[in-house]
Amino acid sequence: MTPAALPLQGITVVSLEQAVAAPFATRQLADLGARVIKVERTGGGDFARRYDTSVHGQASYFVWLNRSKESLSLDLKSEAGREILHELLAGADVFVQNLAPGAAARMGLGADELQARYPYLIPCTVSGYGTSGSWQDRKAYDLLVQCQTGLLSITGTPEEPARVGISVADIAAGMYAYSGILTALYTRATTGRAPAVEVSLFEALAEWMSQPAYYTRYGGTQPPRVGAQHATIAPYGPFTASDGKDVLLSIQNEREWNALCGQVLDDPGLAADPRFATGADRVAHRDALNAIVSARFAGLGSEEAMALLDMAGIANAGVNSIPEFLDHPVLTERDRWRDIRVPGASAPVQALLPPADLSGVSPRMDPVPAAGQHTEAILTTLGRSRADIDRLRAEGVIDTPDPEHGDHEQGAAAQ
């Protein structure tokens, strides 16, 4: 596919973004061909660039979230910097920001102000707790939101809560911002109206907490913390085989329960045990049931156990490490890895294709930009001369190019 065939070719997104949530939304827009101009602060850019140095000296978060974007360094505290930003917004389709609470409004970049000035522009605000109410000015990071939504209270062991191992609140917010922007673009195309989009980390994760919320409000008690077991379905969790490897199995219905008893546990009569007659009964007597399953698995190797589960038509999986996941046959057999470039590295890194396949469309997998890499190219397209650019650098409005990466034309000049 050529870039012209990508679905969002011709859409320009300007983003004042940092960390995870907003960059995840805009990267997905870039995957489908949108031009994403990432406006970064002078003197270092997005602070997520320095979360770690694990990917050829670059941060794993940043590499994941920022491929196929153009980076513009800009001091928005300066009048000249804000003037450049507004020139970009005048020609943009979407503006995304997840600045600190109140920061966008103080710069005149609130959704209402932008819609009055640029009626065609779709503003998207990603916040912690929303832009109204008594919590609107509170800072919100992923783990804080996991705590506030009750996620930690149902995650972990009976003895200790645990953080979900990925930035689930940020990811949820980024996904809803992405889908909201796509919906707004469709609305604009069909009605001429450009609606504003607002997503908060708290409300995004609150949606994901709906099942335990229903269970608690109408069941009278919240789901317990049960480690890797499922809180409201049993048996559903890992069991250790004789070779020390864990095998996770999931029983979803009565057919599977009968098959487990007869074909895996080798005890058909167990299916009629009144302690385990229904799904609710099996959860109520989870400890006794788990002891029976554990005793059987202790006499089976992991491969043997999974073979029996497969023959019985019961879903199962080994409990993979990250290296095992990286070598997973689904990813290799379905050709899900692509090479991308990262700043300062002589060799490419492997990145996963976006999970939503569109027939006839090959997503864009362009390099991860260095901080401010496209500043000069973008300013040139706005009509700035070499003398103008030199003056802006001398005044600190834009950064001096990194001698290792420079200001490359990739992206801006090609659009």
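These values consider heavy atoms only, across backbone and side chains, with no hydrogens, waters or symmetry-generated copies. Here, residue 1 is the first one in the sequence, and each next residue gets the next number.
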For this session: Could you tell me whether the side chain of Asp390 and the main chain of Ala387 form a donor-acceptor pair under 3.5 Å?
Result: no

Seminar exercise, completed: Residues pairing under side-chain hydrogen bond (donor to acceptor under 3.5 Å, both in side chains) where one sits in residues 23-34, two or more places apart or in two chains, turn out to be Glu17-Thr26, Thr26-Lys69, Arg27-Asp31, Asp31-Arg67

Exercise. Considering residues at least two apart in sequence or located in another chain, which fulfil the salt bridge (charged side-chain N to carboxylate O under 4.0 Å, His left out) criterion with Glu395?
Worked result: Arg391

Seminar exercise, completed: Taken in chain and number order and not counting sequence neighbours, the residues that satisfy side-chain contact (heavy atoms from CB on, under 4.5 Å) with Lys77 are Asp75

Exercise. Can you tell me if Gln146 and Asp142 form a side-chain donor-acceptor pair at under 3.5 Å?
Worked result: yes

Exercise. With sequence neighbours left out, what residues match Glu303 under salt bridge (charged side-chain N to carboxylate O under 4.0 Å, His left out)?
Worked result: none

For this session: Please list, chain by chain and in numerical order, all residues satisfying salt bridge (charged side-chain N to carboxylate O under 4.0 Å, His left out) with Glu87, sequence neighbours excluded.
Result: Arg384

Please table the atom pairs, donor to acceptor, closer than 3.5 Å between any side-chain atom in residues 201-208 and protein atoms at least two apart or in another chain.
unit_1	atom_1	unit_2	atom_2	d
Glu203	OE1	Ser200	OG	3.2
Trp208	NE1	Tyr176	OH	3.1

For this session: Provide the full list of side-chain hydrogen bond (donor to acceptor under 3.5 Å, both in side chains) pairs with a residue in residues 337-347, sequence neighbours left out, each pair given once.
Result: Asp335-Arg338

For residues 188-197, run the donor-acceptor check on the side chains, cut-off 3.5 Å, and write out each pair with its distance to 0.1 Å, sequence neighbours left out.
unit_1	atom_1	unit_2	atom_2	d
Arg188	NH1	Asp93	OD1	3.3
Arg188	NH1	Tyr120	O	2.9
Arg188	NH2	Asp93	OD1	2.9
Arg188	NH2	Tyr120	OH	3.3
Thr190	OG1	Tyr186	O	2.9
Thr190	OG1	Thr187	O	3.3
Thr191	OG1	Thr187	O	2.7
Thr191	OG1	Arg193	N	3.1

Distance-only donor-acceptor hits, side chain of residues 125-133, under 3.5 Å, sequence neighbours excluded:
unit_1	atom_1	unit_2	atom_2	d
Ser127	OG	Gly130	N	2.9
Thr131	OG1	Glu198	OE1	3.0
Thr131	OG1	Glu198	OE2	2.9

Problem set entry | Within residues 221-248 or reaching into it, pairs that qualify as salt bridge (charged side-chain N to carboxylate O under 4.0 Å, His left out) - sequence neighbours excluded | none

Exercise. Has Glu324 got more than 12 heavy atoms of other residues, nucleotides or ligands less than 6.0 Å from its CD?
Worked result: yes

For this session: Could I get the full list of salt bridge (charged side-chain N to carboxylate O under 4.0 Å, His left out) partners for Arg334, not counting sequence neighbours?
Result: Asp357

For this session: For residues 145-164, pull every pair meeting salt bridge (charged side-chain N to carboxylate O under 4.0 Å, His left out), keeping only residues two or more places apart or in separate chains.
Result: none

